[in-house]
Amino acid sequence: MSNEDEFFDAVTGLESDDSCEGLSEASFKDAQLFGGSSQKNNGSVPQENGIKKHRTSLPAPMYSRSNVSIWSILKKCIGMELSKITMPIVFNEPLSFLQRITEYMEHTYLIHRACSLSNSIERMQAVAAFAVSAVASQWDRTGKPFNPLLGETYELTREELGFRLVSEQVSHHPPVSAFHAESLAGDFVFHGSIYPKLKFWGKSVEAEPKGTITLELLKHNEAYTWSNPFCCVHNVILGKLWIEQYGTVEIVNHRTGDKCVLSFKPCGIFGKELHRVEGYIQDKSKKKLCVIYGKWTECMWSIGPQAYEAHKKAEKKGDFKKQKNEDYERADDDADDMPEVQETVCVIPGSTLLWRIDSRPPHSSMMYNFTHFAMALNELEPGMEAVLPPTDCRFRPDIRAMENGNMDDASKEKERLEEKQRGARKDRAKHEEEWSTRWFQMSTNQYTGSQDWLYSGGYFSRNYRGLPDIY
């Protein structure tokens, strides 16, 4: 079975508590960088321009899923929430969900662009483009990431992209992943906690997004918040797997009152709307200032509302004439056939390009449809073992075995880790001990007023004594 950004495999019978232990208040900004000059590139080979190289492929190609059936597992689960169903490892991809959410940062240049702009509406355009780009890596990613173990962490520093990030699995049931990213130049902070709710509907799996994402542009004293769209993976039983995202995403600028409302279109009967995103930016008086349109798999553009409406009217007239002479048929098939991808985005004259997706590696289809960015997420570079905490995803033996093509070892290790986690939970219950998160604590998001997992500081001071033995 498969899924997306939010597809978890289950480890039954585990819960975590929301209590927190006292944490160091060491500044995230001031602490020593992993991958900084003091680390001498951690043994990696720099490119000619001085930028560190990252790997461009995985050690082994993906295992074929064509001969594996999951109907026997899922036939009793229609309409149910999936967080307690354990899936065969063949339907995974060799990344933890903590690494998967790190892919939000692939197009960090859009945040840097927003920081550099003096006009608040132009900043909102850049932030909206970033919000769309953050889910673009899900295109054709039908393998599900590994469910993080309670207390698992991940960090990533990309000097050439100007950010570093730390994340932690703060709860197991429900599964909650908290992350905190920050500009190396002190321009922005990007954070959130993600806890998707999954349901199986017979032919498809739907992920309902839970959790708020917050982007703070420090120079402008602005904060933007939003939630991700729904994600659906079709044909989990029969046929070719395909993904669509749909729903309304509202991005709010809490300082100016500006709002961007984006509609991720469901594909519809004939697939005309597949991957399409349309929306608008309005000021606090609800006056529409510009329209944003495109595809989350391709590109996003911006144009004035009057020019957009004039184009839509002309387009509707043309579609009506064309439709009168067309005879649409839809086969009654057991599989939800993926609609043929329509023509690329029709660019309206006078539009401004906000974002365009990067091409994927030529061998991506043999490597879980990973992007260039995803290929490097589980890379264990020379020097990392001495610096990273023992809870980092890169040390998970099941993910490492799968990445290396050792499926039997990966399955055995996954089962061992799940059993170890169950045992740890029972041991805590026996001694009446509560689980304590290390780097995040439950608090109130000052912009939304809702409960959120916020970074407590101290991670990059590299004091990792007392961390749990989870692997």
Inset, instruction - Could you give me the CA-CA distance, side-chain angles and deciding distance for Glu152 and Thr391, then say whether side-chain hydrogen bond (donor to acceptor under 3.5 Å, both in side chains) is met? - result: CA-CA 5 Å; Glu152 186 174 314; Thr391 51; over 6 Å; no
Inset, instruction - Measure centre to centre between the rings of Tyr459 and Tyr464, then say whether the value is under 6.0 Å. - result: yes
Inset, instruction - For Arg400 and Asn378, indicate whether the former's side chain and the latter's backbone hold a donor-acceptor pair under 3.5 Å. - result: yes
Legend entry - CD/Glu415: more than 12 non-hydrogen atoms of other groups inside 6.0 Å: no
Inset, instruction - Taking the six-membered ring for Trp and the full ring for Phe, Tyr or His, determine whether the centres of Phe440 and Tyr455 are under 6.0 Å apart. - result: yes
Inset, instruction - For His112 and Phe188, run ring pair (Phe, Tyr, Trp, His ring centres under 6.0 Å): C-alpha distance rounded to whole Å, both residues' side-chain angles, the deciding distance at 0.1 Å, then the answer. - result: CA-CA 8 Å; His112 293 304; Phe188 70 82; 5.5 Å; yes
Legend entry - Heavy-atom pair of closest approach, residues Val166 and Phe460: CB-CE1, 4.4 Å
Inset, instruction - Give a yes or no on whether Glu379 atom CD has more than 12 heavy-atom contacts from other residues, nucleotides or ligands under 6.0 Å away. - result: yes
Legend entry - Residue pair Thr256 / Asp258, side-chain donor-acceptor N/O under 3.5 Å: yes
Inset, instruction - Using distance alone, with no hydrogens and no angle criterion, decide if Gln125 and Ser302 have a side-chain donor and acceptor under 3.5 Å apart. - result: yes
Legend entry - Intermediate values then yes/no, side-chain hydrogen bond (donor to acceptor under 3.5 Å, both in side chains), Asp392 and Thr153: CA-CA 5 Å; Asp392 194 277; Thr153 62; 4.7 Å; no
Inset, instruction - Answer yes or no: is there a donor N or O on one side and an acceptor on the other, between the side chain of Ser183 and the main chain of Ala185, under 3.5 Å? - result: yes
Legend entry - Side-chain donor-acceptor contact under 3.5 Å, Thr225 with His254: yes
Inset, instruction - Give me the one residue out of Arg360, Glu93, Met62 that meets side-chain contact (heavy atoms from CB on, under 4.5 Å) with Phe370. - result: Glu93
Inset, instruction - Report yes if the distance between the aromatic ring centroids of Phe373 and His54 is under 6.0 Å, otherwise no. - result: no
Legend entry - Trp301 to Leu353 - nearest heavy-atom pair and separation: CE3-N, 3.3 Å
Legend entry - Where Ser443 and Leu454 come nearest, the two heavy atoms and their spacing: CB-CD1, 3.7 Å
Legend entry - Stepwise side chain to side chain contact (heavy atoms under 4.5 Å, CB included) check, Glu159 with Leu184: CA-CA 8 Å; Glu159 292 186 351; Leu184 298 180; 4.1 Å; yes
Inset, instruction - State whether a side-chain donor-acceptor pair under 3.5 Å links Glu216 with His191. - result: yes
Legend entry - Rounded distance [0.5 Å steps], CD1 in Ile111 versus OG1 in Thr108: 5.5 Å
Inset, instruction - Please report the shortest heavy-atom distance between His220 and Ala114, naming the atom on each side. - result: NE2-O, 3.9 Å
Inset, instruction - Can you see which heavy atom on Leu117 is nearest to which on Arg123, and at what distance? - result: O-NH1, 3.0 Å
Inset, instruction - Test side-chain hydrogen bond (donor to acceptor under 3.5 Å, both in side chains) on Asp452 and Thr444 and set out the steps. - result: CA-CA 6 Å; Asp452 201 355; Thr444 300; over 6 Å; no
Inset, instruction - Please report the shortest heavy-atom distance between Pro148 and Arg396, naming the atom on each side. - result: CA-NH1, 3.8 Å
Legend entry - Side-chain (Tyr154) to main-chain (Leu165) donor-acceptor, under 3.5 angstrom: no
Inset, instruction - Ignoring hydrogens and angles, tell me if any N or O in the side chain of Asn369 forms a donor-acceptor pair with the backbone of Arg141 under 3.5 Å. - result: no
Legend entry - Ring centres under 6.0 angstrom apart (Phe190, Phe130): yes
